[in-house]
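Below is one structure; the comments refer to it alone.
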Amino acid sequence: MGLTCGIVGLPNVGKSTIFNALTNAGAQVANYPFCTIDPNVGIVPVPDKRLQDIALLIKPEKIVPNTLEVLDIAGLVKGASQGEGLGNKFLSHIRQVHAILHVIRSFKDDDVVHVSGTVDPKRDIETIHTELALSDLESVTKRMERNEKLLKGPNKEAKAEQEVLAIVKQGLNQGTMVRNLGLNADQEVLIQELNLLTSKPVLYVVNVSEEEILKDSSYVTQVKELAQSEGAEVVKICGKIESEIVALPENEREDFLKDLGISEPGLHQLIRSSYKLLNLISFFTAGPKEVKAWTIRKGTKAPQAAGVIHSDFERGFICAEVYHYDDLMKYKSEAEIKSKGLLRLEGKNYEMRDGDIVVFRFNV
């Protein structure tokens, strides 16, 4: 399973700069056809040092990382949910994404005019929150009106859904995002079909100036405090620096980062944080042809993990031969791992761990 993130934010906050830096860092870019205005979609490899570590010992023909799909839509403005700036069309583009990357501007630049005239991250976040909430409110109201007709008959599902929609509507009217309403799993399933924007997990991406990379400004602190109150995460990134990094040859990037006093590109943290946003983990398959990373949710059992590779693997699952990345790093070979008794046969109830290296046995 892949993770799709939609980038949202006001115009001129650096969304496209960050998207272009992401896609230049090894992404394949294609148009994402939808409505009259097409957003861009980039397929971005997820940085995972463990792949290279495994490959050094297994020596495969190729390495295949996990990927993150990033959807970039045009900037939203106040009134977007009502069609201002064709915002309602842009909002429809991100209904299907798994998570939202909310880009906020922290930098000042006289050459890049802020749409509201001044830099104010808290105000900008509230503007986007309002537009997403109003868009959801419209969807919820329409569904409730439809259900009213169904409730005239003995429709238990419509009644149960209507009760959840009433909770959601009240929350949205009070400014509470759906993800913060504390709905239980059964309630979430009832409204899942609506793909409500404010139900999606959010990662705040603060686009900072070069001066703010090593030290938080008051703007960055504002965003971190707001995110903490929501239980959300924050990634700080300088779009200008990231654009410069991806324009450099690979062998010059490390020295460039050292000169700036940072250990890795901000994009790496952004991608990893996006990947973790939905509680995802990686397992690996490793052999002479390829070392490959696979994405599953934390808590996934072995047969379902096998099904991510191929449906036949799940259907005919017999067992999983498993050892862990940490053991490979310690003992340097599969033969040595076997000799230590660390290669295990696991059955249908085995819950996969992040970093498992596995061969699935199956019979169809």
Side-chain angles (χ1 to χ4, degrees), residues 1-6 43-55 58 60 63-70 96-101 179 183-193 195 199-203 231-233 270-287 289-329 334 337 342-364:
M1 60 176 296
L3 172 62
T4 304
C5 293
I43 310 298
V44 183
V46 177
D48 192 333
K49 181 179 176 292
R50 294 175 298 182
L51 275 172
Q52 282 68 36
D53 291 343
I54 295 168
I58 302 293
I63 299 172
V64 185
N66 276 312
T67 58
L68 170 71
E69 185 174 86
V70 183
Q96 302 302 321
V97 303
H98 299 105
I100 288 175
L101 306 181
R179 61 181 169 271
L183 299 179
N184 62 40
D186 291 337
Q187 290 172 319
E188 288 175 352
V189 167
L190 285 169
I191 60 170
Q192 187 174 357
E193 184 184 318
N195 284 312
S199 69
K200 302 178 189 297
V202 170
L203 176 69
E233 296 291 326
L270 170 58
I271 296 167
R272 284 198 301 269
S273 296
S274 302
Y275 184 73
K276 291 176 182 176
L277 200 54
L278 289 177
N279 208 21
L280 302 177
I281 61 172
S282 295
F283 72 89
F284 305 99
T285 51
K289 288 193 176 294
E290 67 178 22
V291 168
K292 186 169 183 175
W294 302 88
T295 305
I296 53 173
R297 290 195 189 281
K298 189 175 182 181
T300 298
K301 299 290 179 69
Q304 288 68 51
V308 172
I309 300 175
H310 197 287
S311 58
D312 284 350
F313 287 20
E314 181 176 1
R315 187 157 54 92
F317 179 88
I318 298 172
C319 68
E321 294 181 4
V322 186
Y323 60 94
H324 199 268
Y325 162 83
D326 292 341
D327 294 327
L328 181 62
M329 293 304 101
E334 188 175 306
I337 287 170
L342 296 171
L343 179 68
R344 311 180 314 276
L345 292 181
E346 300 287 359
K348 292 182 178 180
N349 291 323
Y350 176 67
E351 189 174 295
M352 299 291 291
R353 295 168 57 206
D354 185 47
D356 275 345
I357 302 172
V358 61
V359 173
F360 292 109
R361 300 298 179 193
F362 69 102
N363 182 29
V364 177

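For the numbers below, each heavy atom of this structure counts, side chains included, while hydrogens, waters and symmetry mates do not.
Between A55 and V291, the closest heavy-atom pair is CA-CG2, 4.3 Å. Contact record, D356 with H324: OD1-CD2, 3.4 Å, taken as the closest heavy-atom pair. Closest non-hydrogen pair, I271 versus P47, comes out as CG2-CD, 3.6 Å. Contact detail for E334 and L328: the closest heavy-atom pair is N-CD1, 4.3 Å. The shortest heavy-atom contact between V46 and P65 is O-CB, 4.1 Å. Residue A302 comes nearest to F317 through the heavy atom pair CB-CZ, 3.8 Å, listed as atom of the first residue, atom of the second, then distance.
Using a 4.5 Å heavy-atom cutoff, the side chains of T295 and V308 are not in contact. Residues V97 and E69 have side chains not in contact (no heavy-atom distance under 4.5 Å, counting atoms from C-beta outward). Under the 4.5 Å side-chain criterion, counting only non-hydrogen atoms from C-beta, V358 is not in contact with Y350. Considering only heavy atoms from C-beta on, R50 comes within 4.5 Å of D354 through its side chain. When side chains are defined from C-beta on, L203 counts as touching L270, because their heavy atoms get closer than 4.5 Å. A heavy-atom distance below 4.5 Å is not found between the side chains of Q96 and T4. Using a 4.5 Å heavy-atom threshold, the side chains of R297 and L278 count as touching. Between R179 and V202, the closest side-chain pair of non-hydrogen atoms falls below 4.5 Å.
Under the 4.0 Å criterion applied to side-chain N and carboxylate O atoms, D312 and R315 are assigned as salt-bridge partners.
To the nearest 0.5 Å, the span separating OG on S282 from NZ on K292 amounts to 12.5 Å. Atom-to-atom distance recorded for R272:CZ and L277:CG is 14.5 Å, nearest 0.5 angstrom. Between the CD1 atom of I58 and the CG atom of D53 there is a distance of 11.5 Å, given to the nearest 0.5 Å. Between the CG atom in L345 and the CG atom in L343 there is a gap of 6.5 Å [rounded to 0.5 Å]. Here the SG-CZ distance, from C319 to R344, works out to 12.0 Å after rounding to the nearest 0.5 Å. Interatomic distance, CG of D327 versus CD1 of I357, reported as 8.5 Å (0.5 Å rounding).
Sorted by first and then second residue, the salt bridge (Lys or Arg N to Asp or Glu O under 4.0 Å) pairs with a member in residues 298-307 form an empty list; sequence neighbours excluded.
Ring pair Y325/F284 is tilted by interplanar angle, where 30° to 60° counts as tilted.
Counting heavy atoms of neighbouring residues, nucleotides and ligands inside a 6.0 Å radius, atom CD of E233 does not exceed 12 of them.
Side-chain N or O atoms of E314 include none that pairs as donor or acceptor with a backbone N or O of S311 at under 3.5 Å.
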